[in-house]
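We count ligands from 1, going down the list as the structure has it; atoms in each ligand are counted the same way. Owing to the predicted nature of the structure, the values given are computational and were not obtained by experimental measurement.
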Amino acid sequence: MKKLLNVLRSDEIDTDLIQVIETLIDASKEIAFRVRQGALAGVLGSSQEENVQGETQKYLDIISNQLMKDLLLACEPVAALASEEEDTVVAANATGKYLVAFDPLDGSSNIDINGQIGTIFSIYRALDSIPHHSELQFSQKGSQQVCAGYVLYGPSTLLAITTGNGTRCFTLDSRQGDFLLTSDKIQIAKDTQEFAINMSNSRFWNEAMKSYINDLVLGETGPRAKRFNMRWNAAMVGDVHRVLTRGGIFLYPSDSRNAKQPAKLRLLYEANPMAMLIENAGGKAHSETQRILDIQPQQLHERVAVILGSANEVSECLAYL
Ligand code: AFP
């Protein structure tokens with residue numbers, strides 16, 4: 001089986017970008033080790049700290065974020081980084097060419113229950129026209145990403161990655177410590193009978209979304225005339241990986257729970273990287289109003305509604321909206 005490094009080299013990826021990707025992979029291996037140690041490594045439970053999102057930080061959130069920061073700051077080609085756990089942009093190397101945005105540990109609510117969690121990353125070229133540590137560096141549209149990926153800490157440790165020419169999946173061979181190519185050029189089925197949404201929020205959705213989901217639940221007895229199944233991992237990496245693997249539609253729509261915060265998922269280090277992976281696998285990724293990769297970011301930690309997965313099913317959903 002091909003090793004990740006050989007695949008990247010055969011794709012003639014810029015050597016500096018390969019160095020950034022390798023640094024992210026090294027960090028994910030360290031995180032994977034601590035995740036698998038769990039309670040034995042004393043990394044479970046919550047700190048007394050809150051992050052910029054107003055969320056209580058799990059110890060593993062803090063450890064994972066620090067690991068990623070330490071390794072990326074020491075990686076010459078990295079100009080600046082942005083993290084779900086950092087209030088603002090962190091300047092790295094003045095001569096760096098790349099920006100890295102990441103969610104060090106997505107699915108934190110799953111940590112203490114041994115559920116699926118993962119690391120999501122997104123890489124852009126630094127703009128020479130503005131200072132590297134400026135937040136404006138990260139106001140590039142998702143379509144400007146040069147690389148996007150996630151590492152899923154599940155029964156096996158998987159890497160899904162794209163540099164714009166298809167989405168591939170690699171599996172960590174823990175004996176050798178290499179990620180080996182296990183799925184090349186993933187193609188998501190255009191149709192599906194499986195949806196993923198947190199149904200407990202249904203009374204807070206807009207009427208169009210309520211109608212769309214209601215018709216999925218009606219199955220063969222309703223206008224869709226086919227039965228649907230439902231899954232919800234409460235970790236985007238797990239739900240997106242299932243969609244990449246066997247199709248489906250994943251939704252986190254806007255809702256009225258908090259007028260100041262109608263959406264939950266973050267554009268920079270959740271929606272955009274996942275959208276690049278999904279589109280490179282033949283799927284679609286939209287907010288409720290536009291293609292996610294076309295969104296002009298306004299704020300570093302802004303949030304966006306997400307509807308992604310099997311192309312025809314996403315189109316069906318958008319028709320309701
Ligand atoms: P946490 O990292 O705070 O657990 O949030 C995970 C997440 O951002 C995304 O990975 C999930 O799809 C979504 O939130 C789950 O949200 P709910 O807990 O509201 O279902």
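Residue contacts with ligand 1: Arg257 is placed with no nitrogen or oxygen under 3.5 Å of a nitrogen or oxygen of the ligand (distance criterion only). On a distance-only criterion, Ser108 and ligand 1 share at least one N/O pair closer than 3.5 Å. Some N or O of Tyr252 is nearer than 3.5 Å to an N or O of ligand 1, by distance alone. Of the N or O atoms in Gly107, one or more lie within a sub-3.5 Å distance of an N or O in ligand 1. Looking at ligand 1, you won't find any N or O of Glu84 less than 3.5 Å from one of its N or O atoms.
Under a 4.0 Å N-O distance rule, the pair Glu270/Arg303 does not qualify as a salt bridge. Between Asp14 and Lys97 there is a salt bridge, since at least one side-chain N of the basic residue sits less than 4.0 Å from a carboxylate O of the acidic one. The existence of a salt bridge linking Glu313 and Lys284 is excluded, since no basic side-chain nitrogen approaches an acidic carboxylate oxygen closer than 4.0 Å. Between Asp215 and Arg224 no salt bridge is recorded (no basic side-chain N to carboxylate O distance below 4.0 Å).
Annotation: atom 18 (O) of ligand 1 to nearest protein heavy atom, Lys264 NZ, 3.6 Å.
Here Ser109 has heavy atoms under 4.0 Å from ligand 1 in both its backbone and its side chain. At a heavy-atom cutoff of 4.0 Å, ligand 1 is contacted by the side chain of Leu265 but not by its backbone.
Taking the six-membered ring wherever Trp is involved, the centroid distance between the rings of Tyr320 and Tyr212 falls below 6.0 Å. Between Phe195 and Trp232, the distance from one ring center to the other does not fall under 6.0 angstrom.
In summary, the atoms of ligand 1 found under 4.0 Å from a heavy atom of Asn198, numbered by their order in the structure, are 17 (P), 19 (O), 20 (O). For ligand 1 and Arg266, the ligand atoms under 4.0 Å from any heavy atom of the residue are 8 (O). The atoms of ligand 1 that sit less than 4.0 Å from any heavy atom of Met236 are 9 (C), 10 (O), 11 (C), 12 (O).
Figure legend: cation-pi geometry between Arg125 and Tyr98, with NZ or CZ positioned under 6.0 Å from the six-membered ring centre and within 45° of its axis.
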